[in-house]
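Keep in mind that what you see is a predicted model, and the values were worked out from it rather than measured. Along the sequence shown, residues are numbered consecutively beginning with 1.
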Amino acid sequence: MFLTHHQNGRETRWAVDGRFLPRPLNLSTLLGLPKATMLELLQKLVYELSTEKTDSPLLAPLEEQHEVWASGVTYLRSQEARQSESEVGDVYTKVYTATRPELFFKAIGWRVVGHNLPIRVRQDSKWNVPEPELVLVVNREGEIVGYTAGNDVSSRSIEGENPLYLPQAKVYNGSCALGPGIVLAEPDALRDLPVQLTITRQDVKLFEDSTRTSQIKRPLEELVTYLQKELDFPYGGFLMTGTGIVPPDNFNLQTEDMVQISIGELTLVNTVGV
């Protein structure tokens, strides 16, 4: 099943497989249920909903109160790149090999942009890159219910100056994109998905690379377990799982660049805005 979030006139509504869910039902309610109960409810509704398809504009597949967190240095490629760019590169080697993963807050729901909406780069940064990431969708009980595609837009120059600048490098307006929707799936189906990044400037392909989620060092459940230690998510939450694709050091995102991220069956497209 595929969940999408739509702007329908003056209201926002959720749909499953292209058909609107009943108005009172939203993602926070669904992620507040045990996974089995949520799937049973949605399966029942699929047979009862009108066959009329929705063509309303897409929104990011979360709600204002949802939190997006992120995992750092989960791919070997990411560890190598961060070590190379940082003035204290051994920090990233220690993170990659440590028992405890690196986790950090990325965005609150109202700040996240969706498919075909503009992302941004920091105006006080001279080196900015997209980071394509598998994003886990997790319910309040810590069960992985599915995934979406994510772009963890980042300032490499700011983080490279000092790892303690990570929040400034990662958290700002337009730095987080999710979409186009949520694929409901078992965790085992997420362990070896293809991930592809394509960056285009004025219709010229500047960069393209791919990897697979099987290259993530840590089990997905382990990342979620650490996220939920001493931290409640009553409405469920979203966890980015790190990037395994790193553009070359001489690449810097610019206004009007188009970033296309494909993960599994999802493709998220955003253009860099002002």
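W127 places a side-chain N or O within donor-acceptor distance of the main-chain N or O of F251, the cut-off being under 3.5 Å. The backbone N or O of R201 lies less than 3.5 Å from no partner atom in the side chain of D257, so there is not a single donor-acceptor pair. Within the 3.5 Å criterion, the main-chain N or O of L25 finds no donor-acceptor partner in the side chain of T29. Checking side-chain atoms of R122 against main-chain N and O of Q168 turns up a donor-acceptor pair under 3.5 Å. Of the possible donor and acceptor atoms, one in the side chain of Q123 sits under 3.5 Å from a partner among the backbone N and O of V121. Remark: side-chain polar atoms of R120 are paired, donor with acceptor, to backbone N or O of N173 under 3.5 angstrom. In this structure, the side chain of T200 does not engage the main chain of D203 through any donor-acceptor pair within 3.5 Å. When atom types are taken as modelled, the side chain of Q7 and the backbone of E11 share a donor-acceptor pair closer than 3.5 angstrom. In this structure, N139 contributes its side chain and G142 its backbone to a donor-acceptor pair below 3.5 Å. A donor-acceptor contact shorter than 3.5 Å links the side chain of E133 to the backbone of G242.
Rounding to the nearest 0.5 angstrom, the gap separating the CG atom in D209 from the CD1 atom in I245 is 5.0 Å. Here NE2 of H115 is found 11.5 Å from OG1 of T4. Values are rounded to the nearest 0.5 Å. Put simply, CE on M240 and CG on L103 are 13.5 Å apart, with the number rounded to the nearest 0.5 Å. Going from atom OH of Y165 over to atom OG of S155 covers 12.0 Å, rounded to the nearest 0.5 Å. Atom CG of D188 is separated from atom CZ of R191 by 4.5 Å, given to the nearest 0.5 angstrom. Here the OG1-CG distance, from T12 to N26, works out to 8.5 Å after rounding to the nearest 0.5 Å.
Scanning all heavy atoms of the two residues, the minimum distance from S125 to S157 falls at OG-OG, 2.9 Å. Across every non-hydrogen atom of F20 and R13, the tightest pair is CB-NH2, 3.4 Å. Of all heavy-atom pairs spanning N8 and S56, the tightest one is OD1-OG, 3.2 Å. What you find for A177 and N270 is that their closest heavy atoms are CB-OD1, 3.5 Å. Nearest approach of P130 to V259, heavy atoms of both residues: CB-CG1, 3.8 Å. In terms of heavy-atom proximity, P61 sits nearest to L178 at CD-O, 3.4 Å.
Around the CG atom of D124, the shell of radius 6.0 Å holds more than 12 heavy atoms that belong to other residues, nucleotides or ligands.
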Would L58 and N116 count as a side-chain contact (heavy atoms from CB on, under 4.5 Å) here? Give the steps.
CA-CA 9 Å; L58 279 174; N116 283 332; over 6 Å; no
How far apart are the C-alpha atoms of Y226 and V224, what are their side-chain angles, what is the distance that settles it, and do they pass the side-chain contact (heavy atoms from CB on, under 4.5 Å) test?
CA-CA 5 Å; Y226 272 96; V224 174; over 6 Å; no
Start with the C-alpha gap between S28 and Q65, add the side-chain angles, then the distance that decides, and say whether side-chain contact (heavy atoms from CB on, under 4.5 Å) holds.
CA-CA 9 Å; S28 295; Q65 67 271 28; 2.8 Å; yes
Quick one, I263 with Q196, criterion side-chain contact (heavy atoms from CB on, under 4.5 Å). Give me CA distance, side-chain angles, the key distance, then yes/no.
CA-CA 7 Å; I263 301 180; Q196 184 169 14; over 6 Å; no
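Under a hydrophobic-cluster definition in which Ile, Leu, Val, Met, Phe, Trp and Tyr are linked whenever side-chain heavy atoms come within less than 4.5 Å, directly or via other members, L227 and L190 are assigned to the same cluster. Under the 4.5 Å side-chain heavy-atom criterion for Ile, Leu, Val, Met, Phe, Trp and Tyr, M1 and L21 are members of the same hydrophobic cluster. Both W14 and L41 are members of a single hydrophobic cluster when ILVMFWY side chains are connected at heavy-atom separations under 4.5 Å. In this structure, V16 is a member of the same hydrophobic cluster as L45, with clusters built from ILVMFWY side-chain heavy atoms closer than 4.5 Å. Under a hydrophobic-cluster definition in which Ile, Leu, Val, Met, Phe, Trp and Tyr are linked whenever side-chain heavy atoms come within less than 4.5 Å, directly or via other members, V129 and I158 are assigned to different clusters.
Ring-plane geometry between Y235 and H66 is classed as perpendicular, the angle between the planes exceeding 60 degrees on a 0 to 90 degree scale with a lower cut at 30.
Side-chain contact annotation: T241 with S71, donor-acceptor N/O pair under 3.5 Å absent. Using modelled atom types and a 3.5 Å distance limit, the side chains of T271 and E256 yield no donor-acceptor pair.
Annotation: side chain of V135 is not in contact with side chain of L239 (no heavy-atom distance under 4.5 Å). In this structure, the side chains of T74 and T243 stay at 4.5 Å or more apart for every pair of heavy atoms. Considering only heavy atoms from C-beta on, Y147 stays 4.5 Å or farther from I182 through its side chain. Annotation: side chain of V171 is not in contact with side chain of F104 (no heavy-atom distance under 4.5 Å). Side-chain contact between F233 and L231: present, with at least one pair of heavy atoms (C-beta onward) separated by less than 4.5 Å. Residues T148 and V183 form no side-chain contact, since every pair of their non-hydrogen atoms from C-beta on lies 4.5 Å or further apart. Taking 4.5 Å as the limit, every side-chain heavy atom of L134 sits out of range of all side-chain heavy atoms of V195. By the 4.5 Å heavy-atom criterion applied to side chains, V137 and F238 are counted as neighbours.
Salt-bridge annotation for E67 and K106: absent, with no side-chain N of the basic residue lying under 4.0 Å from a carboxylate O of the acidic one. Salt-bridge check for R218 with E102: failed, with every basic side-chain N at 4.0 Å or more from each acidic carboxylate O.
Other members of the cluster containing L59 do not exist, because no ILVMFWY side chain is joined to it at under 4.5 Å.
In terms of the side-chain hydrogen bond (donor to acceptor under 3.5 Å, both in side chains) criterion, residue partners of K170 (sequence neighbours excluded) are, by chain and number, E131, D152, S154.
In this structure, K217 is not positioned above the aromatic face of Y75 in the sense of NZ or CZ being under 6.0 Å from the six-membered ring centre and within 45° of the axis.
The only option from Q260, K205, E208 that meets the side chain to side chain donor-acceptor pair (under 3.5 Å) definition with T198 turns out to be E208.
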